K.L.:
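Before we start, here is the structure in question, set down as structure tokens.
Just so we're on the same page: letters track the sequence lines, and every chain starts at 1. Worth saying up front: this structure is predicted, and the values here are computed from it rather than measured.
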Protein chains: 2
Amino acid sequence: MREHDLPEIRALELFRTMSEESFAELMHAAYLQTFPTQVQLISEGDLADFLFILLEGRVELLGSTAGRETTMAIIKPFGTFILAAVLMDAIHLMSARTTEKSRVLMIPARNIRDLLAKDGDFARAIVVELSSCYRAVVRDQKNLKLRSSVERLANRIISLHNAQGATGTVILPYDKKTLASLLNMTPENLSRAFGTLKAYGVQVDNERICLSDLTGLETLAQPNRLIDERV
Amino acid sequence: MREHDLPEIRALELFRTMSEESFAELMHAAYLQTFPTQVQLISEGDLADFLFILLEGRVELLGSTAGRETTMAIIKPFGTFILAAVLMDAIHLMSARTTEKSRVLMIPARNIRDLLAKDGDFARAIVVELSSCYRAVVRDQKNLKLRSSVERLANRIISLHNAQGATGTVILPYDKKTLASLLNMTPENLSRAFGTLKAYGVQVDNERICLSDLTGLETLAQPNRLIDERV
DNA sequence: CGGTCGGTTGAAGCTAATCAATTAGAGTGG
DNA sequence: CCACTCTAATTGATTAGCTTCAACCGACCG
């Protein structure tokens with residue numbers, strides 16, 4: 001543990017409300033690790049030994065079955081992952097892999113569960129974190145079930161555009177292969193979907209996207225705050 | 001509140017560990033209502049005023065956007081719903097509608113949040129409930145993204161078969177239209193998928209399904225405990 | 001008895017996946 | 001520096017999966 005990171009971790013929703021001693025205890029047990037890119041941090045089906053908190057870099061959560069694989073989510077700093085499995089002392093439903101060099105805080109599951117048992121404030125903080133994770137997956141599920149792939153792409157572009165300050169330009173925060181998997185498309189299909197969106201003022205140049213007809217794009221996408229907004 | 005129901009409610013994971021007085025307080029504030037079938041209990045986008053606990057009957061959770069609608073889940077007794085929205089004092093991401101005459105316990109969101117703030121044990125119980133809801137949605141998401149519709153149907157049949165005692169016969173617990181929506185299929189597509197499964201020993205007679213080649217069906221379905229088992 | 005609803009079937013069309021080929025760029029090593 | 005390889009991304013051709021529209025059947029209901 002480098003002292004330097006403590007304030008940032010302390011500021012996370014999950015740890016903000018806990019007592020000074022509880023926090024110190026957790027941090028004492030925690031490991032801070034730096035991993036290169038493309039390292040498998042977690043494998044589906046393994047027991048949850050650690051709660052992970054991403055401090056720097058990027059981590060992909062993956063689901064797989066029958067030889068197929070899909071990207072379930074992309075974790076950015078300072079996101080936590082694998083919280084539910086840790087709390088339930090259960091096996092991982094997803095794998096996790098770094099997609100960049102990443103700095104990760106690993107807190108032994110044991111310590112999380114012990115603290116949960118004795119610190120009510122921590123339990124409440126976890127309730128908030130879990131609730132918002134849960135709602136995020138529900139939104140994602142609605143997105144998947146109710147929209148075509150072109151619509152999913154259009155809405156994702158609009159979301160990114162808003163998140164990046166609505167300047168008319170969007171920078172894709174991940175490569176197109178990953179974006180395709182996130183949106184449940186093949187890379188070929190994504191490429192063609194971008195082609196379809198040209199007619200709606202979407203110009204793609206590598207990871208840079210320019211939007212020249214936002215209202216047209218929104219008419220196609222029909223963004224919905226119950227799906228697309230992080231509320 | 002009928003006295004008669006109290007022990008069953010008390011036995012729920014969510015309430016089992018709380019103090020006698022806290023429980024009494026909650027129940028005092030709660031309403032027990034009986035609704036006919038096809039009643040809209042909750043509308044997407046409304047604020048979460050109550051936590052719902054289904055005591056009897058059946059409730060469908062629905063998501064919608066742009067005039068489309070999909071079944072997100074079916075709640076059976078004694079399931080809770082809308083917990084995350086209540087906890088976060090947020091708007092509903094899903095609608096809820098009875099599909100049978102149903103008896104529902106409604107606890108004001110206010111009381112839930114108050115109790116969460118002062119009762120650590122209740123917070124812990126909620127953590128468990130939320131974690132398992134969360135993991136259920138993740139499983140469902142993997143199911144959707146990684147399997148074709150015939151595979152989803154085959155696995156659903158196998159799951160139901162196991163849940164009903166693996167007797168070689170399965171009774172569909174909901175009508176086919178609903179099953180189709182749950183599996184993200186059209187009713188026509190579901191009907192054809194049943195046709196496809198005939199070759200795997202699946203005989204359908206209304207809501208009764210007979211399985212004569214379970215191993216064949218499982219070879220097709222490739223059930224996966226990280227998707228299909230309620231762990 | 002006509003009407004409605006759930007379910008099935010057929011035909012046609014659309015969406016998306018697959019397979020194959022090509023290009024462009026990044027990284028490697030002689 | 002230039003071949004060489006590797007990978008991401010795109011494009012075309014084809015096929016598979018799924019939806020849509022339409023017709024139809026049978027059960028249930030007023």
Side-chain angles (χ1 to χ4, degrees), chain A residues 36-38 58 60 65-71 74 97 99-101 143-157 171-199 202-209 220-221, chain B residues 36-38 58 60 66-71 74 97 99-100 143-157 171-199 202-209 220-221:
Chain A
T37 188
Q38 299 301 334
R58 202 115 325 191
E60 193 179 3
T65 194
R68 285 160 263 182
E69 189 178 87
T70 189
T71 302
I74 306 284
R97 171 204 301 158
T99 58
E100 294 176 13
K101 184 173 181 233
N143 192 36
L144 266 179
K145 292 186 78 172
L146 293 165
R147 287 172 172 163
S148 72
S149 65
V150 172
E151 287 169 342
R152 291 197 296 275
L153 175 59
N155 278 296
R156 178 60 59 117
I157 292 172
I171 305 293
L172 290 179
Y174 17 70
D175 61 18
K176 290 183 186 157
K177 208 175 148 186
T178 306
L179 176 60
S181 185
L182 259 179
L183 297 175
N184 207 29
M185 305 164 75
T186 58
E188 295 94 327
N189 191 21
L190 176 66
S191 188
R192 285 174 190 130
F194 272 126
T196 304
L197 293 184
K198 246 182 220 150
V202 177
Q203 233 125 11
V204 183
D205 172 27
N206 292 315
E207 71 283 321
R208 166 176 249 92
I209 298 177
L220 171 77
Chain B
T37 188
Q38 300 301 334
R58 202 113 329 191
E60 193 179 2
R68 284 159 263 181
E69 189 178 86
T70 188
T71 303
I74 306 284
R97 171 202 301 158
T99 59
E100 293 176 13
N143 192 35
L144 267 178
K145 292 186 78 172
L146 293 165
R147 286 173 172 161
S148 71
S149 65
V150 172
E151 287 169 343
R152 291 198 296 275
L153 175 59
N155 278 296
R156 178 61 58 121
I157 292 172
I171 305 294
L172 290 179
Y174 16 70
D175 61 19
K176 290 184 185 157
K177 208 174 149 187
T178 306
L179 176 61
S181 186
L182 260 178
L183 297 175
N184 207 29
M185 304 166 74
T186 58
E188 296 94 327
N189 190 22
L190 175 66
S191 189
R192 283 170 193 133
F194 272 126
T196 305
L197 292 183
K198 245 182 219 151
V202 177
Q203 233 125 13
V204 183
D205 172 27
N206 292 316
E207 71 282 323
R208 166 177 248 91
I209 298 177
L220 170 76

K.L.:
Measure CG/B:L190 against P/C:dT8 and give the value in whole Å, please.
P.N.:
7 Å

K.L.:
A:K176 has an atom NZ; how far is it from atom C1' of D:dT11, in whole Å?
P.N.:
13 Å

K.L.:
Between B:A221 and B:N155, which heavy-atom pair has the shortest distance, and what is it?
P.N.:
O-ND2, 2.9 Å

K.L.:
Can you sort out the partners of A:K177 under side chain to side chain contact (heavy atoms under 4.5 Å, CB included), two or more places apart, ordered by chain and number?
P.N.:
A:D175, A:P187

K.L.:
Tell me every residue that passes salt bridge (charged side-chain N to carboxylate O under 4.0 Å, His left out) with A:R68, counting only those two or more places apart in sequence or in another chain.
P.N.:
B:E151

K.L.:
Does a sphere of radius 6.0 Å around CD in B:Q203 hold more than 12 heavy atoms from other residues, nucleotides or ligands, not counting ones at 6.0 Å or beyond?
P.N.:
no

K.L.:
Identify, with sequence neighbours excluded, every residue that meets side chain to side chain contact (heavy atoms under 4.5 Å, CB included) alongside B:A199.
P.N.:
none

K.L.:
To the nearest Å, how far apart are B:L146 CG and C:dA16 C1'?
P.N.:
16 Å

K.L.:
For the atom pair CD1 (A:I74) and CG (A:L182), what is the distance rounded to the nearest 0.5 Å?
P.N.:
5.0 Å

K.L.:
Only counting residues at least two apart or in another chain, list the ones meeting side chain to side chain contact (heavy atoms under 4.5 Å, CB included) with B:R152.
P.N.:
B:N143, B:L144, B:R147, B:S149, B:L183, B:N184, B:M185

K.L.:
Round to a whole Å and report the spacing from CG of B:L172 to P of C:dG6.
P.N.:
15 Å

K.L.:
For residues 202-209 of chain A, which residues have at least one heavy atom under 4.0 Å from DNA chain D?
P.N.:
none

K.L.:
Enumerate the protein-to-nucleotides 17-20 of chain D contacts in which both atoms are nitrogen or oxygen and the separation is below 3.5 Å.
P.N.:
unit_1: D:dC18; atom_1: OP1; unit_2: B:S149; atom_2: N; d: 3.0
unit_1: D:dC18; atom_1: OP1; unit_2: B:S149; atom_2: OG; d: 3.3
unit_1: D:dC18; atom_1: OP2; unit_2: B:S149; atom_2: OG; d: 2.8
unit_1: D:dT19; atom_1: OP2; unit_2: B:T186; atom_2: N; d: 3.4
unit_1: D:dT19; atom_1: OP2; unit_2: B:T186; atom_2: OG1; d: 3.2
unit_1: D:dT19; atom_1: OP2; unit_2: B:N189; atom_2: ND2; d: 2.9
unit_1: D:dT20; atom_1: O4; unit_2: B:R192; atom_2: NH1; d: 3.2

K.L.:
How close or far is atom P of D:dA8 from atom OH of A:Y174, stated in whole angstroms?
P.N.:
17 Å

K.L.:
Got a sec, which residues hit salt bridge (charged side-chain N to carboxylate O under 4.0 Å, His left out) with A:E69, two or more places apart in sequence or on another chain?
P.N.:
A:R97

K.L.:
For B:T37, what residues pass the side chain to side chain contact (heavy atoms under 4.5 Å, CB included) criterion, not counting sequence neighbours?
P.N.:
none

K.L.:
Looking only at heavy atoms, which two atoms of B:L220 and B:A154 are closest? And how far apart?
P.N.:
CD2-CB, 4.2 Å

K.L.:
Need the bend value for the helix from C:dC1-D:dG30 to C:dG30-D:dC1: angle between end axes, 5 pairs each end, nearest 10°.
P.N.:
30°

K.L.:
Under 4.0 Å from OP1 or OP2 of C:dG6: is there any side-chain N or O of B:K177 that close?
P.N.:
yes

K.L.:
If I compare all heavy atoms of B:F194 with all of B:I157, which pair ends up nearest, and what's the gap?
P.N.:
CE2-CD1, 3.8 Å

K.L.:
If the condition is side-chain hydrogen bond (donor to acceptor under 3.5 Å, both in side chains), which residues does A:K145 pass it with, not counting sequence neighbours?
P.N.:
B:T70

K.L.:
For nucleotides 25-30 of chain D, read 5' to 3', which letter fits each nucleotide if B means a protein heavy atom sits under 4.0 Å from the base, S means only the sugar-phosphate is that close, and - means neither?
P.N.:
------

K.L.:
Could you list the residues that satisfy side-chain hydrogen bond (donor to acceptor under 3.5 Å, both in side chains) with A:T71, not counting sequence neighbours?
P.N.:
A:E60, A:S181

